[in-house]
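Below is one structure. I have some questions about it.
One-based numbering, in listed order, for ligands and for the atoms of each.
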Amino acid sequence: MLLKEIKTIFHKELDALYPKEEVDSFFYSLIEHYLKLERFVLVVQPNLAITKVEEQPLFKALAELKLEKPLQYILGVAHFMDLELKVNEHVLIPRPETEELVEWIISDCRAIHSRDLKILDIGTGSGCIAIALAKNLPNAKVYAMDISEETLEVAKANAELNTVEVECIHMDILNPKEIEYEFDIIVSNPPYVRELEKEEIKNNVKAYEPSIALFVPDEDALLFYRAIIVFAERYFSKKGNLYLEINQYLGKETKALLEAQNFSEIELRKDFFGNDRMLKGKLD
Ligand code: GLN
């Protein structure tokens, strides 16, 4: 079939579900991934034909896109900063807001020229935060914690793929066990979306992404932050910095948790979209 005919079929089948530009972008990502064809190929070779075998993954992906499966899960690949990461349904697809949190940590660490930092990422998922930190702070020793073994497998594979060392810790932060490490920096993007906010969450997220990584009960939305703070108080070496991704509607409340535990230099930052999204505090 001609490649341009397949593109037309993509639009016919998907334009009711997604904006046209997104359908174009899906199509180009798919031909790049499966056929190694650049997006301008249709400009240069408008009548390019592909074989039945070559068509197959494109039509399989089309069927999955119709069911609103995220493209990253279809391809098994996501991008975070300049990293390529494997993803599957055990891990959340990394979000751009989280890149901003990582950039904050990197710029703080570079500014103080710290060496030999020990950094822990709690609830690492794909490993995006831990791996990006390890890549950008070569003197740091980075640890990645998660409740799920399957998730840690993905994080481990991603560390290898990106040629960094990250030590995995299998642990539920809500039921912590004794460990022998101490950390200078703890970072976390824990579950923080309340059930009452589910309406705002897109179908593809609700249907495919791991709900254990996203949702918290309405009546105890900050449970992970409380557990992380208790853990930080216990496992920070003499002093430490805590960096958190937070629920945009609970900036004040999450900040109050740090204030109540005598954190200093507390700073709440907005993300690119103007939402309260990141929090930092220091414990002496
Ligand atoms: N920012 C994510 C979302 O909007 C939520 C991430 C989280 O719960 N930690 O889907």
Would you call E13 and K66 a salt bridge, using N to O less than 4.0 angstrom?
->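 Looking at E13 and K66, the cut-off is met.
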Honestly, is K270 close enough over F273, meaning NZ or CZ under 6.0 Å from the six-membered ring centre and within 45° of the axis?
->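 No, K270 does not lie over the aromatic ring of F273.
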Measure from every N or O atom of ligand 1 to the protein's N or O atoms and keep only the pairs below 3.5 Å, writing each with atom names and distance to 0.1 Å.
{"from": "ligand 1", "atom 1": "1 (N)", "to": "Y192", "atom 2": "OH", "distance (Å)": "3.0"}
{"from": "ligand 1", "atom 1": "8 (O)", "to": "Y192", "atom 2": "N", "distance (Å)": "3.3"}
{"from": "ligand 1", "atom 1": "8 (O)", "to": "L214", "atom 2": "O", "distance (Å)": "3.4"}
{"from": "ligand 1", "atom 1": "9 (N)", "to": "N189", "atom 2": "OD1", "distance (Å)": "2.7"}
{"from": "ligand 1", "atom 1": "9 (N)", "to": "P190", "atom 2": "O", "distance (Å)": "2.6"}
{"from": "ligand 1", "atom 1": "10 (O)", "to": "R95", "atom 2": "NH2", "distance (Å)": "2.8"}

From L65 atom CG to L30 atom CG, the distance as rounded to the nearest 0.5 Å = 6.5 Å
Option among K280, K282, R269 that satisfies the salt bridge (Lys or Arg N to Asp or Glu O under 4.0 Å) test with D108 =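 One option only clears the test, and that one is K280.
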Between F27 and F10, how do the two ring planes meet: parallel, tilted or perpendicular, split at 30° and 60°?
->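 F27 and F10: perpendicular rings.
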Decide, yes or no, whether a salt bridge links E209 with R95 under the criterion of side-chain N to carboxylate O below 4.0 Å.
->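 Salt bridge present between E209 and R95.
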